[in-house]
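First the proteins, then the strands, lettered A, B, ... as listed; each starts at 1. The model shown is predicted, which means the values in this text are computed figures rather than measured ones.
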Number of protein chains: 2
Amino acid sequence: MEDVVAGVLRQWERAYPGLDTGPIAVLGRINRCAALLQQTPDPLTRAGLTRAEFDILGALRRVDAELTPTQLARESFASGAAVTKRLRLLEERGLVSRRTDERDRRVAHLSLTDAGRELVDGLVQELVAYDRVLLSGLTPDEQDRLAEALAGLLNTLEGTIGRSLR
Amino acid sequence: MEDVVAGVLRQWERAYPGLDTGPIAVLGRINRCAALLQQTPDPLTRAGLTRAEFDILGALRRVDAELTPTQLARESFASGAAVTKRLRLLEERGLVSRRTDERDRRVAHLSLTDAGRELVDGLVQELVAYDRVLLSGLTPDEQDRLAEALAGLLNTLEGTIGRSLR
DNA sequence: AGCAGGTAATTTACCTGTGAATCATCTGCC
DNA sequence: GGCAGATGATTCACAGGTAAATTACCTGCT
């Protein structure tokens, strides 16, 4: 059985005979998977959260401590400006609370409210269950190998990109 | 050697002992890889194109025929509105030209100009070479297995999502 | 003929992210 | 003590995406 990308690859190969479509086969599929995952309604959508907002809440839950906006940006792989915007919405919804540092009044310390923590606790369970369904087409063994290959790729990418930014 | 996601997974596991982090290990890495790929400057950036714009040009080159905006939307996995906007920019740059259908004056037929075609021809070579570098951390065999696993996942996702939209 | 309904493309209003500038505050040095 | 420069966070102007409404046109039915 063939996926959508396979047809695209054949077209490229026909347009440019001899072209090495191997790299596109990998990266094109990663992009396509990510795009599909982002567009699909999931438990977060039903809870009225975006993936980006959940990344903030998740970071606070994971580390189980207060975090500053800068730390949150690093933890959730986002820009500072994006974090500021998301925090405003999350605070308005009463999921996150803010405390100003006493020593250095520039810095803020964010933490989950009780409501925020309960929301995350419930959502994590739902999300994992949902993700398991999405992966159900692969055997557990295939899933493990896929995760491992992606970890390797991720390391290369972080390296390449880190270098290109300097 | 460990990737960035591995640390995150350990934190989740510590916050929720016994949580099955397997699904996150796969999907989290896919999202992270895609985000990195999107943020990184690549040959397209240097040519002043976004990935989305190149997807339009690429579709026209691949099928080597005129396409309507609706067909372009399907081919490049985008919304109609997005295609309209991109086409306007690409036409302004002289990369794409438009022809109105004679029978049905609602429909437009888009094709690459000579300049557009030459641009794509050059960029495809550069892109494949660049992608090969990004994947250089994996052996060719690992790359093949990764592509295959992703194809399987993609099929499941298209299925799951197709169902959820009905 | 002419209208009801469908379809292609575009427009509109809005939302979210980004990089650059700005504001507020702290720290080190003279 | 007080200023120069650094740093944390926010704001700003803008780019690009989306869903829903709109425009323009075609087709089939009476």
Side-chain angles (χ1 to χ4, degrees), chain A residues 31-32 34-41 44-45 48-56 59-60 66-93 96-111 161 164-165, chain B residues 31-32 34-41 44-45 48-57 59-60 66-93 96-111 161 165:
Chain A
N31 281 322
R32 181 81 192 117
L36 275 178
L37 288 170
Q38 203 156 22
Q39 290 171 2
T40 311
L44 296 181
T45 320
L49 287 173
T50 64
R51 160 64 59 174
E53 285 164 345
F54 182 78
D55 284 347
I56 301 270
L60 288 171
E66 289 182 327
L67 289 175
T68 68
T70 303
Q71 291 171 326
L72 277 171
R74 204 174 4 252
E75 284 292 328
S76 66
F77 307 109
S79 72
V83 169
T84 296
K85 287 193 183 184
R86 288 171 201 157
L87 284 176
R88 189 169 57 75
L89 294 176
L90 293 172
E91 281 181 74
E92 279 172 11
R93 289 192 228 176
V96 153
S97 77
R98 173 186 299 259
R99 180 179 71 77
T100 305
D101 189 287
E102 291 135 19
R103 305 254 179 120
D104 186 341
R105 289 204 308 240
R106 286 171 306 181
V107 342
H109 297 279
L110 285 305
S111 55
I161 283 152
S164 84
L165 291 182
Chain B
N31 281 322
R32 181 80 191 118
L36 276 178
L37 289 170
Q38 204 156 21
Q39 289 171 1
T40 311
L44 296 182
T45 320
L49 287 173
T50 64
R51 159 65 58 175
E53 286 163 345
F54 181 78
D55 284 348
I56 301 270
L57 299 178
L60 288 171
E66 289 183 325
L67 290 175
T68 69
T70 303
Q71 291 171 326
L72 277 171
R74 203 172 10 249
E75 283 293 328
S76 66
F77 306 110
S79 72
V83 169
T84 296
K85 286 193 182 184
R86 289 170 202 159
L87 284 176
R88 190 170 56 75
L89 294 175
L90 294 172
E91 282 181 73
E92 280 172 10
R93 288 192 230 176
V96 152
S97 77
R98 173 185 300 260
R99 181 179 71 78
T100 305
D101 189 287
E102 289 134 20
R103 304 255 178 119
D104 186 341
R105 290 205 307 240
R106 286 172 305 180
V107 342
H109 297 281
L110 285 307
S111 55
I161 282 151
L165 291 181

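When the nearest nucleotides of DNA chain C are assigned to A/D104 and B/V83 by heavy-atom distance, the more 5′-ward of the two goes with B/V83. Nucleotides of DNA chain C nearest to A/F77 and A/D101 differ in position, and the one nearer the 5' end is that of A/F77. Of the two residues near DNA chain D, A/T68 and B/E102, the one whose nearest nucleotide lies more 5' is A/T68.
B/T84 comes within contact range of at least one nucleobase, with a heavy-atom separation under 4.0 Å. Counting any heavy atom pair closer than 4.0 Å across all strands shown, A/R98 reaches sugar-phosphate atoms only and no base atom. Counting non-hydrogen atoms under 4.0 angstrom, A/A78 reaches nothing in the nucleic acid. Residue A/A108 is in sugar-phosphate contact alone, with no base atom involved, counting any heavy-atom pair closer than 4.0 Å across all strands shown. Within the nucleic acid shown, A/S79 comes within 4.0 Å of sugar-phosphate atoms alone, with no base atom in reach, counting heavy atoms only.
Ion pairing between A/R103 and A/D101 fails under the 4.0 Å rule for side-chain N and carboxylate O.
Rounding to whole angstrom units, CD of residue B/Q38 and P of D/dA15 are separated by 18 Å. Note: CG (B/L89) to P (D/dA15) measures 10 Å, nearest angstrom. Between the P atom of D/dG8 and the CG atom of A/L87 lies a distance of 16 Å, rounded to the nearest Å. Atom CD in B/Q39 sits roughly 10 Å away from atom C1' in C/dT18 (whole-Å rounding). Following rounding to the nearest Å, B/L110 (CG) and C/dT10 (P) show an atom-to-atom distance of 8 Å. Between the P atom of C/dA9 and the CD1 atom of B/I56 lies a distance of 12 Å, rounded to the nearest Å. Distance, A/R103 CZ to C/dT27 C1': 14 Å, rounded to whole Å. One atom, CZ of A/R51, and another, C1' of D/dT18, lie 20 Å apart when rounded to the nearest Å.
Across C/dA13, C/dG19, C/dA9, the shortest atom-to-atom separation from the side chain of B/V107 is found for C/dA9. The side chain of B/A52 sits closest to D/dG17 out of D/dG8, D/dG17, C/dA9. Each of D/dA9, C/dA9, D/dT18 was ranked by its minimum atom distance to the side chain of B/K85; first place goes to D/dT18. Distances from the side chain of B/R105 to the nucleotides D/dC25, D/dG8, C/dT18 place D/dC25 closest.
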Check the pair A/E53, A/R93 against salt bridge (charged side-chain N to carboxylate O under 4.0 Å, His left out), reporting the backbone distance first and the verdict last. CA-CA 12 Å; A/E53 285 164 345; A/R93 289 192 228 176; 3.3 Å; yes
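Interface remark: the B/R106 side chain does form a donor-acceptor pair with the C/dT7 base, using a distance-only criterion of under 3.5 Å.
Residue B/R51 comes nearest to B/L44 through the heavy atom pair CA-CD1, 3.8 Å, listed as atom of the first residue, atom of the second, then distance. Nearest heavy atoms, B/L60 versus B/S111: CD1-C, 4.1 Å.
Contact check, A/R86 against C/dG17: a side-chain N or O comes under 4.0 Å of OP1 or OP2. Look at B/T50 and you won't find any side-chain N or O under 4.0 angstrom from OP1 or OP2 of D/dG16.
The main-chain N or O of B/L36 is never found under 3.5 Å from a side-chain atom of B/Q39 such that the two would form a donor-acceptor pair.
Other residues, nucleotides and ligands contribute over 12 non-hydrogen atoms within 6.0 Å of the CD atom of B/E92.
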